[in-house]
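Accompanying notes for the structure given below.
Below, read A as the first sequence line, B as the second, and so on, with proteins coming before strands; counting in each chain starts at 1. In this text, all values refer to a predicted model and were calculated from it rather than measured experimentally. The basis for the numbers below is simple: all heavy atoms, side chains too, and nothing from hydrogens, waters or symmetry mates.
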Number of protein chains: 2
Amino acid sequence: MPQPRTAARRVTIVEVARHAGVSTTAVSKVLRNAYGTSPQMRSRVRAAVDRLGYRPSATARALRGRTWTVGVMLPDVRNPFFADILDGVAEHLDDTEYQLLMTCGGNDATSEARVTEAMIDRSMDGLILIAPVSSPAHLDGIARTVPTVVIGRHSHSARYDTVNDDDFTGAGLVVAHLAGLGHRRIAHIEQHETDRVRLAEMPNALRADGYRHAMRAHGLGEHIDIASTTYTRDGGHLGARLLLARPDPPTAIFAGADVVALGVLDALTEAGLSAPGDISVAGYDDITLAAFRTISLTTVDQAGHHIGVTAAGLLLDRITEPGRPAAHVKLTPTPVVRGTTGPPR
Amino acid sequence: MPQPRTAARRVTIVEVARHAGVSTTAVSKVLRNAYGTSPQMRSRVRAAVDRLGYRPSATARALRGRTWTVGVMLPDVRNPFFADILDGVAEHLDDTEYQLLMTCGGNDATSEARVTEAMIDRSMDGLILIAPVSSPAHLDGIARTVPTVVIGRHSHSARYDTVNDDDFTGAGLVVAHLAGLGHRRIAHIEQHETDRVRLAEMPNALRADGYRHAMRAHGLGEHIDIASTTYTRDGGHLGARLLLARPDPPTAIFAGADVVALGVLDALTEAGLSAPGDISVAGYDDITLAAFRTISLTTVDQAGHHIGVTAAGLLLDRITEPGRPAAHVKLTPTPVVRGTTGPPR
DNA sequence: TTGAAAGCGCTAACAG
DNA sequence: CTGTTAGCGCTTTCAA
């Protein structure tokens, strides 16, 4: 039997139609469960599809209808918190026809613009943007072009939905826990913002606000002490060094994110100190690693999985009904007390 | 000035051509730097492109030429080792026109098939599969359809390139290090394989082989002791518990992957033991977390970043010249000695 | 209920 | 060097 020597060309709708003895229109209709197909036509078409191993070309479909593709932009593959969100998104999408495709935004507006444009160029049906750093105007522009849901931005846009953790409250939970243990000099490591819009929208800014507010509420306003660095391990390391060098160093550090807390622990080890013996440390996010016994980090669970499921649900709704009013969901965080916090010595 | 109330339709090549006063062919040629365009035509077209903010539709291009999209399948977003590979791939692609899109294969053949089909349906120009679990026949089928590079499978297919760490040698490095410290009862935690093909192709199987071989080479054949679990944190936890329960427990544990070693450390902490005081622990991969001072894990650096760069290079070559003979690259691992290994007590 | 035909945005022969 | 023309695989009016 002669074999073609080139890569087998893909089976197209034309071949399916020929084998089934019907028109391409008919095949298309059956595939999309469209109106106006007889049972026998359906079964003949389905048989031909199976026999030939036909799969529709998403790119050809894109020129007329949808691609059944949802794009997720995440800032960084390394931050394990985003994995929880992704799991949630994937779980919701698994029950649908949609395929998930991911890209990295790189925590940088230029790179984010490149990546979102790339997803739009590829005719994705909808986008989920996780913790984007682009300006609200730019996000609005994206949302005008394609159905969009934003995670981790407290904005009030009418064009896209948002899903957030209540960061302000979450920060308060940490302060309450530490104050309850008897700490007074509770310091915070934040990722600094200067831009007015970002001060209002970014989770890190709201956590810092929540920290300040809660400190005052507990009568600890005079002990407010913030080290401004970044939400990275290095940022935590630097922040801890700054705080430890104070004339009167804190007895507890609330890091704005778990990765930051890891950097803090690193700096403590380096300085010959340990948590909670010498100093208490708390994070935010409850990444999987926080539960790791060797670390056992006290933190705040913002239910990444649930955030992902919610965002995926909103996106599919929005794809179906692009003009519908924007939903802005805020989820309640819960404190997770583990081994890195204890009473001050 | 009246504003359209619906979402602005995308600018197409036709409009660019009209504004520039040339044919669509001309625009297409200029955009692709194709042969046969005069300087003035080029500048007029470019001006129109900029003015109108035109971006080519990747999906429309897909029907004729390439999509300038490379798909990467990774088994799992959580394993931080894959992030190193991704960085390498992204770095290499950043200098090109290609856009990277990722999917999760889920460490499961059925799910991998779904995901690879999805990428093929979307006309991706090439695929990089990281540590796939599908059968060689299935991988061959994929590679017949689209240019493919496989990372983390020691296969010898003529259809796709592979990039691997020399796992056999790497395992030997760990045994040599531990034996050099004076350990004799060195145990190993592996991810078990029974299938003949997988025994020959999977990195975990080669690491176990390398362990056995090195133990014998060091005259420690009688102390070979393997706990068969999985390459996960839980697998490490379970493996350590099994090994600690032996009548004569090991003085050193070589975990087949860093995530496994984290599970081992977890089990040690639980049992009131520590590394390297009570027992030495080594991993494999050198994930970023291994350098974290609180952990300071001895491991093997398999240069994930370099693997990624190499794979991306091979893929672009293969896209250009699909028929070229397959390259099978094996990179040399280097030992990274940190704080979790020391002399036996 | 069914199918012919037009066209989505782009590229590639082929003429001029 | 430039433009006309014919599709790529699919969906969608619109007649039959």
> Which part of the nucleic acid does B:Val27 contact within heavy-atom distance under 4.0 Å: base, sugar-phosphate only, or nothing?
Replying inline: nothing

> Once you round it to whole Å, what is the distance between C1' of C:dA6 and CG of A:Leu63?
Replying inline: 14 Å

> At under 4.0 Å, does any side-chain N or O of B:Ser38 touch on OP1 or OP2 of D:dT2?
Replying inline: yes

> Is there a donor N/O on one and an acceptor N/O on the other, under 3.5 Å, for the side chain of B:Thr25 and the base of C:dA12?
Replying inline: yes

>> Tell me whether B:Arg61 is salt-bridged to B:Asp125, with the criterion being a basic N under 4.0 Å from an acidic carboxylate O.
In response: no

> In whole angstroms, how far is the P atom of D:dC10 from the CH2 atom of A:Trp68?
Replying inline: 16 Å

> What nucleotide, of D:dG9, D:dT2, C:dA13, holds the atom closest to the side chain of B:Lys29?
Replying inline: D:dT2

> Yes or no on side chain to side chain contact (heavy atoms under 4.5 Å, CB included) for A:Met41 and A:Val45, after CA distance, side-chain angles and deciding distance?
Replying inline: CA-CA 6 Å; A:Met41 172 183 271; A:Val45 169; 4.1 Å; yes

> Just checking A:Ser57: base, sugar-phosphate only, or nothing, at a heavy-atom cut-off of under 4.0 Å?
Replying inline: sugar-phosphate

>> Can you measure B:Arg64 atom CZ to C:dC10 atom P for me and round it to whole angstrom units?
In response: 13 Å

> Does B:Arg10 put a side-chain nitrogen or oxygen below 4.0 Å from OP1 or OP2 of C:dC8?
Replying inline: no

> Reckon B:Thr59 touches a base, only the sugar-phosphate, or nothing at all at heavy-atom distances under 4.0 Å?
Replying inline: nothing

>> If I take atom CZ in residue B:Arg66 and atom P in nucleotide C:dA12, what distance separates them, rounded to the nearest angstrom?
In response: 10 Å

> To the nearest angstrom, how far is B:Arg18 atom CZ from D:dG3 atom P?
Replying inline: 15 Å

>> Taking only side-chain N and O atoms of A:Arg42, does any of them lie within less than 4.0 angstrom of OP1 or OP2 on C:dT1?
In response: no

> If you look at every heavy atom in A:Thr67 and A:Ala58, which pair is closest and at what distance?
Replying inline: CG2-O, 3.9 Å

> Tell me: CZ of B:Arg61 to C1' of D:dG9, nearest whole Å?
Replying inline: 18 Å

> Want to settle it: does A:Ser23 or B:Val14 sit nearer the 5' end of DNA chain C, counting the closest nucleotide to each?
Replying inline: A:Ser23

>> Using whole Å, what does the distance between atom C1' of nucleotide C:dG9 and atom OH of B:Tyr54 come to?
In response: 7 Å

>> side chain to side chain contact (heavy atoms under 4.5 Å, CB included) for A:Leu93 and A:Leu316? Distances and angles first, verdict last.
In response: CA-CA 9 Å; A:Leu93 255 35; A:Leu316 299 197; 4.2 Å; yes

> Would A:Leu129 and A:Tyr160 count as a side chain to side chain contact (heavy atoms under 4.5 Å, CB included) if you check the C-alpha gap in whole Å, the side-chain angles of each, and the deciding distance to 0.1 Å?
Replying inline: CA-CA 10 Å; A:Leu129 309 180; A:Tyr160 53 86; over 6 Å; no

>> Assuming nearest nucleotide by heavy-atom distance, tell me which of B:Met41 and B:Ala60 is located more 5' along DNA chain D.
In response: B:Met41

> Which one, D:dG3, D:dC10, C:dG3, comes nearest to the side chain of A:Ile13?
Replying inline: D:dC10

